[in-house]
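What follows is one structure encoded as structure tokens, with my remarks underneath.
One-based numbering along the sequence shown. Keep in mind that what you see is a predicted model, and the values were worked out from it rather than measured.
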Amino acid sequence: MNKKHCFKINKLVRVHTTEIIRSHGIIVYERVMEKDEQIEEKRISKKQERGGFENRIYNIYIEVNSKSIDYYHKKPSDYPEIIVV
């Protein structure tokens, strides 16, 4: 049985981010945030610069294939590997 390599993201993501991640063969686990959930002020201010968060998609974690795993292993403080059962 192959081991799953999953990495915690826990970030609000921009409109097309999940499509870009999926295009690399990565499985994205996400949810849509409720209207009353707070968005960090810092992220709101960046909206004008780099695109918006209109869809309120919150990336919980990703399941990475072997060709993308090195990127996430090189940044363990940003993307800690987690065990998903």
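The CG atom of Asn10 sits 7.5 Å away from atom CD1 of Ile60, with the distance rounded to the nearest 0.5 Å. Interatomic distance, CD1 of Ile27 versus CD1 of Ile21, reported as 12.5 Å (0.5 Å rounding).
Listed by first then second residue, pairs satisfying ring pair (Phe, Tyr, Trp, His ring centres under 6.0 Å) with a partner in residues 8-31 read Tyr29-Tyr61, not counting sequence neighbours.
Residues Tyr72 and Ile69 share a single hydrophobic cluster, defined by chaining ILVMFWY side chains whose heavy atoms lie under 4.5 Å apart. Hydrophobic clustering keeps Ile62 apart from Ile20 (ILVMFWY residues linked when any side-chain heavy atoms are closer than 4.5 Å, directly or through intermediates).
Looking only at side-chain heavy atoms (C-beta outward), Phe7 and Val64 come within less than 4.5 Å of each other.
Partners of Thr18 according to the side-chain contact (heavy atoms from CB on, under 4.5 Å) rule, which considers only residues two or more places apart in sequence or in another chain, are Val13, Arg22, Val28, Glu30, Ile57.
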Show me, pair by pair, the donor-acceptor contacts under 3.5 angstrom made by side chains of residues 74-85, not counting sequence neighbours?
unit_1, atom_1, unit_2, atom_2, d
Lys75, NZ, Tyr71, OH, 3.4
Glu81, OE1, His73, NE2, 3.0
Glu81, OE2, His5, ND1, 2.7

